[in-house]
Novice: 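Below you will find the structure I want to go over with you.
Reminder, nothing fancy here: chain letters follow the sequence lines and each chain counts from 1. Computed over heavy atoms, backbone and side chain alike; hydrogens, waters and symmetry mates excluded.
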Amino acid sequence: MKKYEFSKIEKRWQTEWKKTGIYEPSLKSTKTAKRKPFYNLMMFPYPSAEGLHVGNMYAFVGSDIYGRFKRMGGYDVFEPIGLDGFGIHSENYAIKVGTHPLKQSKVSEKRFYKQLEMIGNGFAWNEHLETYDPEYYRWTQWVFIAMWKRGLAYRKKQAVNWCPSCKTVLADEQVVGGACERCSSVVIKKELEQWSFRITRYADRLLKNLDHIDWSERVKIAQRNWIGKSEGAEINFKIANSEHVLKVFTTRPDTLFGATYMVVAPEHEIISKLKSQISNYSEVEKYVKISKEKSEEERVENKEKTGIELKGIKAINPANKKEIPIFAADYVLSGYGTGAIMAVPAHDERDFDFAKKFKLPIVVVISDGKTVEPLTEAYIGDGELINSGPLNGLSVEDAKKKITNYVGGTFTTQFRLRDWIVSRQRYWSPPIPMMYCEACARVGKGEQKEMPGWYAEKEKNLPVLLPMVKEFRPKGKDESPLASVKSFYKVGCPVCGGGARRETDVSDTFLDSAWYFLRYPSVQDRKSAWNNEITKKWLPVHMYIGGAEHSVLHLLYSRFITMVFKDAGLIDFEEPFTRFRAHGLLIKEGAKMSKSKGNVVNPDEYIKRFGADTLRTNLMFLAPFEQGGDFRDAGIVGVARFIERVWRLGQTVIEHKNKKPTCERAIHKAIKKVTEDIESLQYNTAISALMICLNEIENKEVSVAEFQMFLQLLAPFAPHMTEELWFGLGNKKSIHISEWPVYDPKKIVEENFVLVVQINGKVRATIEVPRGISENDAKKIAMSQDGIKKMINGIEIKKIIFVPNRLINLVI
RNA sequence: GCCCAGAUGGCGGAACGGUAUACGCGCAACACUUAAAAUGUUGUGACCCAACGGUCUUGUGGGUUCGAAUCCCACUCUGGGCACCA
């Protein structure tokens, strides 16, 4: 009997597959109607660490199994691979190991691709892409310009998140709990001029489409929360003895009669506008300065509210015409709504805290009839209007409409989502392809009225190459290292011919990955970002698998970019991923695998010891794919035994070549279960079904045809071993392009079943009886059982519940 | 604080409202072996019993039902997301 030499077998088939190109789809030819295209995508990795750990492998293998299943299901499957190697994470890694990112990227590339090949995935290697390849980022820059041309990219001075350790600006989405998502340093606020994308313009659509796309529910919920839509009203409050008004946004206009003071954000323009009327201006100024310097974390951490009254000015409550004080306080955010609120302490927790501290009046205007004054906490529930003049007795809903119209307010919608800040003051990213000419700016020339002096690089001049800079480390001067490379930033103005300056900031890594799925099928196309014909055939992506940690970053940005291109008429779909599933996280001893924790499991050792097929199958057998779980090697021997047993059975089948079917029921049952389970990504139960099947067929002289079907079912999990046996059985074409078996329902039906006899819902006996037995016959057989007879013993049977082909329950 | 997911043997985990604990690990006994490993066979939720058999058991407490791990209500714990968003 031939020994199972997995390392030889695996290496041989990996080479053979590459040679025969069975994983290369026909990307171009539109007339190959025979096999329908299926774009099976897995989030590409960023090669920041020493290599892929077993957690990464878990995700890749899970995606590959689905792709292989679809390929055998008759689809022309496109499963590309690449590296998200541009960006801060790769740059930081290069700094850590003391080399240049350009050099490091070549090393990482080799290592990653080798590892990805060893695991045996069916990648279309011809279409690989790397985000740091000028042939790729040339089009990333083109995407930036496309945004600019449509008025969706703008540069503005604003308060931004700054990571003092990474020495760069971060997008809102990259700040986690007031800290940098990358290095966990506390993020501070800085006033800087930055490029942003107007993602807020698409907020409504990004939200609405979530209702009809087939995505993991938890990711949709995360996006909904992030976009954060609230419906409310904008209401103007007049400032007494002044022409000025203070506009607020509120979701509770019904509580207007309870608004006993107002609060503006420290950054609010009213403070400087009414400077001369504010009697304590110097104190106010001090407070504003302090709160601006506070980090996001400090503002939040300090639950104790701070603030200062703007003395000398008062606002008029438009509902009851009473004069109320105005405060500046940093619990009101400048970036949300109008940056000013009407404070209703009786019905808002934050206003309540503030009112208590500053001894401000609390007027209850909503009551559920049980209200006891004075309140000990804000009442935010539903009820009936009181103390509200003409609104008294109305419901909250009715009052909202009535009062808003009465005071001349407008109903509006607010989103939590902010624009996406894309400038980064780092090195290892695509330069932003823009130029600025001061002379043009002075006379108001430029490509866009709002931003005189700015020009985009001409398309034919792309890419704007990232120059080789030895001192690439961030200097922390609010600018990229490119700002000290004169040969890079000194350019001629494309319009007046004078001296212009190139933008020296680079773009966010998430821009690289926001459109890569469009590039993959068109990688060979050097003339455009994507080829229309190919894109029409292959996109949108049919199945996308990746980590849930990208819910509000990559996945939201990709949807945004896709919508923009749809509106520009450049593509004909507006959602990039038809189906998205988040894989679970593979953890180690309860903690996420990470280099810093030192709990990373290297897959290479396991491949060496057990082979890729065993590792793949073990990873998928551990836990449900969408749930993830704890990686232990305790169970891997069980899977290794299983694979070995299949191999040995295979040798016997090859020897005997039995033709007579002996295991039809077991095989067809397995076909049904495995097919259904793979389709719903329940790989663990699919494998268990294969184990059950093997237990049954192992000692039954299974026929060649039956065993081949078994191999096909196992092929997505253990592609090398099954291929070896497949050819051993005399097949001439790869098992991976063979046709997935179909089960015959007639062959699954059993003649008998085990009838469960219950008394009062408790199992008292089990009897094997023929399928389709009638209620009456079942009753007779049940009653004839000794144990049952004894228990009934003359007691009246009140009711009989009979579930055909399952059970009979006697109620006494 | 709000939203989401989850809690099942010694462990990872299975179970359209219908035999809870499939499959695998581990453990035990046996076979093979001079011996061990490997492999194979059998057993393996807890408690009571000499045995036949019985009782209990899916985080906790209630409810609906002939019947609940599964549906409903309340609570505890764990993981994840959001968080001064008016």
Side-chain angles (χ1 to χ4, degrees), chain A residues 176-178 216-226 228-230 232 248-253 255 259 263 296 299-305 329-333 335-344 347-351 353-354 380 414-418 548-549 551-552 582 584-585 587 590 592 618 621-624 626-639 641-642 644-645 648 682 684-695 698-699 754-766 787 798-803 805-812:
Chain A
V176 180
S216 292
E217 206 50 42
R218 55 183 164 145
V219 171
K220 288 206 216 176
I221 289 164
Q223 290 209 355
R224 277 193 196 106
N225 289 343
W226 188 260
K229 181 177 181 168
S230 342
V248 303
F249 171 75
T250 177
T251 55
R252 296 295 303 273
T255 62
V263 188
E296 194 111 333
R299 275 196 182 192
V300 177
E301 216 172 50
N302 228 339
K303 281 272 149 78
E304 178 89 26
K305 303 246 178 317
D330 65 9
Y331 82 90
V332 171
L333 310 172
Y336 184 78
T338 61
I341 62 158
M342 62 177 217
V344 186
H347 305 293
D348 182 281
E349 282 171 46
R350 297 149 300 179
D351 297 345
D353 291 348
F354 191 83
I380 49 172
Q414 281 291 330
F415 292 96
R416 218 195 64 104
L417 184 71
R418 310 291 159 81
E549 69 272 18
S551 299
V552 295
L585 218 53
I587 54 173
K592 201 173 157 177
N618 181 241
F621 185 57
L622 273 180
E626 290 182 82
Q627 182 192 301
D630 219 352
F631 180 82
R632 307 159 191 244
D633 46 20
I636 198 168
V637 296
V639 173
R641 278 177 203 149
F642 167 68
E644 181 96 21
R645 273 163 62 202
R648 286 202 303 263
Q682 285 163 308
N684 58 331
T685 48
I687 293 166
S688 117
L690 287 167
M691 287 172 168
I692 292 169
C693 182
L694 179 68
N695 289 344
E698 212 169 19
N699 302 313
V754 176
L755 177 75
V756 174
V757 183
Q758 295 182 335
I759 293 178
N760 289 343
K762 281 202 169 175
V763 180
R764 293 299 171 184
T766 54
K798 289 190 188 131
K799 199 171 165 189
I800 292 176
I801 284 114
F802 178 70
V803 184
N805 295 333
R806 197 172 293 267
L807 65 79
I808 183 160
N809 186 10
L810 310 172
V811 184
I812 55 174

Novice: For the C1' atoms, the ones on B/U70 and on B/G18, what distance do you get once it is rounded to whole angstrom?
Specialist: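 To the nearest whole Å, 11 Å.
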Novice: Look at all strands and tell whether A/Val639 reaches a base, only sugar-phosphate, or nothing, counting heavy atoms closer than 4.0 Å.
Specialist: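 Here A/Val639 touches no strand at all.
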Novice: My understanding is that only residues two or more places apart in sequence, or in another chain, count here; which of them pass salt bridge (charged side-chain N to carboxylate O under 4.0 Å, His left out) with A/Arg645?
Specialist: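 A/Arg645 satisfies salt bridge (charged side-chain N to carboxylate O under 4.0 Å, His left out) with A/Glu698 once adjacent residues are dropped.
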Novice: In whole angstrom, give the distance that lies between atom CD1 of A/Ile759 and atom C1' of B/G54.
Specialist: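 The answer, rounded to whole Å, is 14 Å.
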Novice: Just how far is it from atom CG of A/Asn684 to atom CG of A/Leu622, taken to the nearest 0.5 Å?
Specialist: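 Between atom CG of A/Asn684 and atom CG of A/Leu622 there are 9.0 Å.
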Novice: Give A/Ile692 one of three labels, base, sugar-phosphate or nothing, depending on what nucleic acid heavy atoms sit under 4.0 Å from its own.
Specialist: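 Sugar-phosphate only.
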Novice: On RNA chain B, nearest-nucleotide positions of A/Glu349 versus A/Ala689: which is more 5'?
Specialist: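 Counting from the 5' end, the first nearest nucleotide belongs to A/Glu349.
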Novice: Mind checking ring-ring contact (aromatic ring centres under 6.0 Å, His included) for A/Phe642 and listing every partner two or more places apart, or none if nothing turns up?
Specialist: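 Scan of A/Phe642 (ring-ring contact (aromatic ring centres under 6.0 Å, His included), adjacent residues dropped) gives none.
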Novice: Roughly how far apart, to the nearest Å, are B/G1 and B/A83 at atom C1'?
Specialist: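 About 8 Å, rounded to a whole number of Å.
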Novice: Between B/A68 and B/A15, how far is it from one C1' atom to the other, in whole Å?
Specialist: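 Comparing C1' positions in B/A68 and B/A15 gives a spacing of 13 Å.
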Novice: Measure the spacing between CG of A/Leu690 and CG of A/Leu694 and express it to the nearest 0.5 Å.
Specialist: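 Rounded to the nearest 0.5 Å, the CG-CG separation comes out at 9.0 Å.
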Novice: Could you give the distance separating B/C25 and B/G13 at their P atoms, to the nearest angstrom?
Specialist: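 Looking at atom P only, B/G13 and B/C25 are 16 Å apart.
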Novice: Taking OP1 and OP2 of B/A86, is either one under 4.0 Å from a side-chain nitrogen or oxygen of A/Tyr331?
Specialist: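 No, because none of the side-chain N or O atoms of A/Tyr331 sits under 4.0 Å from OP1 or OP2 of B/A86.
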Novice: By nearest atom, which of the nucleotides B/U19, B/A86, B/A22 is closest to the A/Ser688 side chain?
Specialist: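 Closest nucleotide to the A/Ser688 side chain: B/A22.
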Novice: Does A/Asp348 have any salt bridge (charged side-chain N to carboxylate O under 4.0 Å, His left out) partners at least two apart in sequence or in another chain, and if so, which?
Specialist: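 Residues passing salt bridge (charged side-chain N to carboxylate O under 4.0 Å, His left out) with A/Asp348: A/Arg350.
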Novice: Does B/U57 have OP1 or OP2 under 4.0 Å away from a side-chain N or O of A/Lys762?
Specialist: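 No.
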Novice: Among residues at least two apart in sequence or on other chains, which ones pass side chain to side chain donor-acceptor pair (under 3.5 Å) with A/Thr685?
Specialist: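 A/Thr685: side chain to side chain donor-acceptor pair (under 3.5 Å) contacts with A/Asp677.
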Novice: So, using side chain to side chain donor-acceptor pair (under 3.5 Å) as the criterion, who are the partners of A/Arg416 when residues are at least two apart?
Specialist: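 Here no residue qualifies.
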Novice: Let me know the distance between CG of A/Leu585 and P of B/G79, rounded to the nearest Å.
Specialist: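 Atom CG in A/Leu585 sits about 14 Å away from atom P in B/G79.
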Novice: Using side chain to side chain donor-acceptor pair (under 3.5 Å) as the criterion, list what pairs up with A/Asn618, not counting sequence neighbours.
Specialist: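 By the side chain to side chain donor-acceptor pair (under 3.5 Å) rule, A/Asn618 matches no residue at all.
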Novice: Mind checking which stems touch RNA chain B? I mean at least 3 consecutive Watson-Crick or G-U pairs, both distances under 3.5 Å.
Specialist: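 Stems (3+ consecutive pairs) listed as B:1-7 with B:76-82, B:10-12 with B:23-25, B:26-31 with B:39-44, B:45-48 with B:53-56, B:59-63 with B:71-75.
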Novice: Considering only the P atoms, how many Å lie between B/U21 and B/U44, rounded to the nearest integer?
Specialist: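 Going atom to atom, P in each nucleotide, I get 12 Å.
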Novice: For the atom pair NZ (A/Lys799) and CD1 (A/Ile812), what is the distance rounded to the nearest 0.5 Å?
Specialist: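 If we round to the nearest 0.5 Å, A/Lys799:NZ and A/Ile812:CD1 are 14.5 Å apart.
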Novice: Taking only residues two or more places apart in sequence or in another chain, which ones pass side-chain contact (heavy atoms from CB on, under 4.5 Å) with A/Ile380?
Specialist: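 With neighbours one apart ignored, the set is A/Glu349.
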Novice: Give a yes/no on whether any side-chain N or O of A/Asn684 is located under 4.0 angstrom from OP1 or OP2 of B/C23.
Specialist: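 So the side-chain polar atoms of A/Asn684 never come under 4.0 Å of the phosphate oxygens OP1 or OP2 of B/C23.
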Novice: Would you mind telling me which residue lines up with the more 5' stretch of RNA chain B, A/Ile341 or A/Pro624, judged by nearest nucleotide?
Specialist: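 Here A/Pro624 is the residue nearer the 5' end.
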Novice: Provide the distance between the two P atoms, one in B/C4 and one in B/C11, to the nearest whole Å.
Specialist: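 Taking atom P in both B/C4 and B/C11, they lie 30 Å apart.
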Novice: List in chain and number order the residues that pass side chain to side chain donor-acceptor pair (under 3.5 Å) with A/Gln682, two or more places apart in sequence or in another chain; answer none if no residue qualifies.
Specialist: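 In terms of side chain to side chain donor-acceptor pair (under 3.5 Å), with neighbours along the sequence ignored, A/Gln682 is linked to A/Ser680.
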Novice: Taking 4.0 Å as the cut-off, does a side-chain nitrogen or oxygen of A/Arg416 come that near to OP1 or OP2 on B/A83?
Specialist: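 So the side chain of A/Arg416 is within the cut-off, an N or O lying under 4.0 Å from OP1 or OP2 of B/A83.
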Novice: Where do A/Val552 and A/Ala222 come nearest, in terms of heavy atoms and distance?
Specialist: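 Closest pair (atom of A/Val552, atom of A/Ala222, distance): CG1-O, 3.6 Å.
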Novice: Can you tell me how far C1' of B/A15 sits from CZ of A/Arg806, to the nearest Å?
Specialist: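 In whole Å, B/A15 C1' lies 11 Å from A/Arg806 CZ.
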Novice: With a 3.5 Å distance limit and no angle check, can you tell me whether A/Thr338 reaches the backbone of A/Ala340 through a side-chain donor-acceptor pair?
Specialist: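 Yes.
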Novice: Hey, does A/Lys798 reach any base, or is it just sugar-phosphate, or nothing, if we go heavy atoms under 4.0 Å?
Specialist: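 No contact.
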Novice: Where the side chain of A/Arg645 is defined as all heavy atoms beyond and including C-beta, which of B/G40, B/U39, B/U19 is the nearest nucleotide?
Specialist: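 Shortest atom-to-atom distance from the side chain points to B/G40.
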Novice: Please state the P separation for the pair B/U42 and B/U55 - nearest whole angstrom.
Specialist: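 The same atom, P, in both gives a distance of 30 Å.
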Novice: Identify each atom pair where a protein N or O and an N or O of nucleotides 62-66 of chain B are less than 3.5 Å apart, giving names and distance.
Specialist:
residue : atom : partner  : partner atom : Å
B/C66   : O2   : A/Asn809 : ND2          : 2.2

Novice: What is the distance, to the nearest angstrom, from the CD atom on A/Glu549 to the P atom on B/G81?
Specialist: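 One finds 10 Å between P of B/G81 and CD of A/Glu549, rounded.
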Novice: Categorize A/Arg418 for me: base, sugar-phosphate, or nothing, with a 4.0 angstrom heavy-atom threshold over every strand shown.
Specialist: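 Contact class for A/Arg418: base.
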Novice: Which letters describe nucleotides 2-12 of chain B, given B = protein heavy atom under 4.0 Å from base, S = only from sugar-phosphate, - = neither?
Specialist: -SS------SB
Novice: Please report, rounded to the nearest Å, how far the C1' atom of B/U39 is from the CZ atom of A/Phe642.
Specialist: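 Taking atom C1' of B/U39 as the reference, CZ of A/Phe642 is at 17 Å.
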Novice: I want to check one thing: is the phosphate of B/C23, taken as OP1 and OP2, less than 4.0 Å away from some side-chain N or O of A/Thr685?
Specialist: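 It does not, given that no N or O in the side chain of A/Thr685 lies less than 4.0 Å from OP1 or OP2 of B/C23.
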Novice: Check whether any side-chain nitrogen or oxygen of A/Arg641 sits under 4.0 Å from OP1 or OP2 of B/C25, and answer yes or no.
Specialist: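 For B/C25, OP1/OP2 do have a side-chain N/O of A/Arg641 under 4.0 Å.
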Novice: Between B/G9 and B/U58, how far apart are the P atoms? Round to whole Å, please.
Specialist: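 It comes out at 9 Å once rounded to the nearest Å.
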Novice: Base, sugar-phosphate, or nothing: which does A/Ser230 touch, judged by heavy atoms less than 4.0 Å apart?
Specialist: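 Sugar-phosphate, no base atom in range.
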Novice: Return the value, rounded to whole Å, for the distance between atom CZ of A/Phe802 and atom C1' of B/G17.
Specialist: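 In whole Å, B/G17 C1' lies 18 Å from A/Phe802 CZ.
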Novice: Let me know the distance between CE of A/Met691 and P of B/G13, rounded to the nearest Å.
Specialist: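 Taking CE of A/Met691 and P of B/G13, I get 15 Å after rounding.
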Novice: If I take atom CD1 from residue A/Ile341 and atom CZ from residue A/Arg252, how far apart are they, to the nearest 0.5 angstrom?
Specialist: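 Rounded to the nearest 0.5 Å, the CD1-CZ separation comes to 13.5 Å.
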Novice: How should the glycosidic conformation of B/G9 be described, syn or anti, under the criterion that syn lies within 90° of 0?
Specialist: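 Syn, since the glycosidic angle lies within 90° of 0.
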Novice: Take atom CZ of A/Arg764 and atom P of B/G53, then tell me their distance rounded to the nearest Å.
Specialist: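 Taking CZ of A/Arg764 and P of B/G53, I get 13 Å after rounding.
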Novice: Checking A/Gln414 now: which residues fulfil side-chain contact (heavy atoms from CB on, under 4.5 Å) with it, not counting sequence neighbours?
Specialist: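 A/Gln414: side-chain contact (heavy atoms from CB on, under 4.5 Å) contacts with A/Glu234, A/Phe249, A/Tyr336.
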